[in-house]
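This one's a predicted model, so the numbers in the text were calculated from it and none came from an experiment. Order of listing sets the numbers, starting from 1, for every ligand and every atom in it. Residue indices begin at 1 and follow the sequence shown.
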Amino acid sequence: MRLALALSVAFAPLLSACDNAHHGDALPAAADQGGKADGAVGVEILGMLGPQAPVDATLPNKTARLGHVVWATAGSTIDLEVTRTGSAAKLDTVLHVWGPRDGQGRYAELIASDDDAGYGALSKLGGLTIEQDGFYLVEVTAGGKAPADLTNKAFRLALHCDGNCIASGPVVPAGLELRWVERSAEYRALALSSYAAATARIEQLAADGALPQHWAVVTDLDETVLSNLQYQRERAELGTEYSSSTWTAWVARREATLVPGAKAFLDRVHALGGTIAAVTNRKTIECADTEANLQALAVPFDLLLCRTGTSDKNPRFDAVQDGSADPQVPAAEVVLYVGDNIQDFPQLSQDLRHEGDEAFADFGGRFVLLPNPMYGSWTSN
Ligand SMILES: [Mg+2]
C-alpha cells in the first residue's frame with residue numbers, strides 16, 4: 001500500500017503529461033520511502049543544464065549516477081533526452097528527474113523517470129510539466145541492459161523548455177568563507193604576511209650562516225601554493241561540495257592559480273640554494289596534471305610527492321630528509337614547513353587545539369600557516 005501510494009505521487013506529473021515513457025524501471029529507493037528520504041543522495045552533480053545547450057558527460061561505470069541541475073518556473077513544459085548524437089553506441093541509460101530542491105538542499109521527490117523511450121536503449125522524457133518554481137536535478141545512470149563492465153561511456157543530455165528554464169547558478173549564494181577568500185583584503189594580507197614571515201625566516205638563517213649544506217623547504221600545494229577557489233566556487237554554486245571525481249576533473253583542467261606570495265617565496269628559496277619539496281595529497285593519477293599546472297605558473301620545485309598509499313604526510317617528510325624520495329635529489333634537512341592544514345606539519349593533528357599555547361611555538365618560526373576557511377581536517381572537529 002505504501003509503495004503504491006509512493007508510486008502514484010512520484011509519477012503524477014509524468015502520467016498526466018507524458019505517454020511515451022517506460023514507467024517503473026529501476027525505481028530508486030526514495031519512491032519506496034514515500035519520497036521522505038532524498039533518493040537523489042548519491043547523484044554526482046556535474047553542472048547546470050539549459051535549453052539549447054546540451055551537456056556532454058561520461059558514465060565511468062554502471063553504478064554511477066550523474067546529475068545536472070535546471071531551474072524552471074511553474075507551468076514550464078520540459079523535454080529531456082539522452083541523444084543518439086554524442087552518446088556512445090549501444091549505451092543503455094535511465095533518466096530520473098528529482099525536485100524541486102528544498103530548503104535543506106534535498107531533491108527529495110522523484111517526479112519523472114524513463115528507461116528506453118529514446119533512440120535504442122537511450123532515454124527520453126517528453127512533455128513534463130513543472131508544477132513549482134525551483135531547481136530540478138536531472139539524473140542519468142546506466143540502464144538494466146548496460147553491460148556490467150561498462151566503463152567511460154559518453155552521453156549527451158539535451159533539454160527543450162517551453163516556458164522559462166535557466167541554465168545558470170548559483171543554486172545557493174556563495175558562503176562567507178568563499179567570499180572572504182575571494183574578495184577580502186584580509187585574506188590577501190594574511191597570505192602575504194605568512195610568506196613574508198617564511199621569507200624572513202630563511203633569509204635570517206642564511207645571514208646567520210645557519211643553513212646546512214643541503215636544506216629544504218617542504219610545502220603543501222592546495223590553498224598553500226595553488227588556489228582552487230574556482231573549483232570551490234563552481235561546487236558551491238551548484239549547491240554541492242567537494243567530490244573525488246569532480247576534483248580529479250578540476251585538476252585535469254590545470255586552472256589552479258597562485259596563492260598570493262607563494263611564488264616569490266619559492267623563488268627566494270631557490271635563489272638561496274634550497275631544495276623545494278612539494279608534499280601534496282593530490283593523488284598519483286593527478287600528479288602529472290599538477291606538475292603541468294605548477295610549470296604553467298612558473299612555480300619552482302625539486303620534488304613533487306603526491307599521495308600514494310596514505311594521506312599521512314610524515315613518511316614523505318622523512319623521505320625528503322633521508323634522501324629516499326628521489327635518487328636525483330640529495331637528503332636535505334627541512335628548515336621550514338608551509339601549509340594550510342595542521343596535518344601539513346610533522347606529527348601534528350587537530351589534537352593540537354587542546355594543547356597550551358606553548359605547543360604552537362613553532363608557528364611563525366619553522367612552521368608557516370596559510371588561512372583556509374573553506375575546507376581542511378578542521379571541518380570534522
Ligand atoms: Mg592544502
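The minimum distance between the Mg ion (ligand 1) and any N, O or S atom of Asp340 involves atom OD1. Minimum-distance N/O/S atom of Asp222 relative to the Mg ion (ligand 1): O. Shortest distance from the Mg ion (ligand 1) to Asp220 is reached at OD2 (N/O/S atoms only).
Judged by distance alone, with hydrogens and angles left aside, the side-chain atoms of Thr248 form a donor-acceptor pair with the main-chain N or O of Ser244 at under 3.5 Å. Although no hydrogens or angles enter the test, the distance criterion places no donor-acceptor pair under 3.5 Å between the side chain of Asn281 and the main chain of Arg307.
Look at Asp344 and the Mg ion (ligand 1): no N/O/S atom of the residue is under 2.8 Å from the metal.
Using cut-offs of 30° and 60° for the angle between ring planes, the Tyr195 and Phe265 rings count as tilted.
Heavy-atom minimum distance, Thr93 versus Asp116: O-OD1, 4.1 Å.
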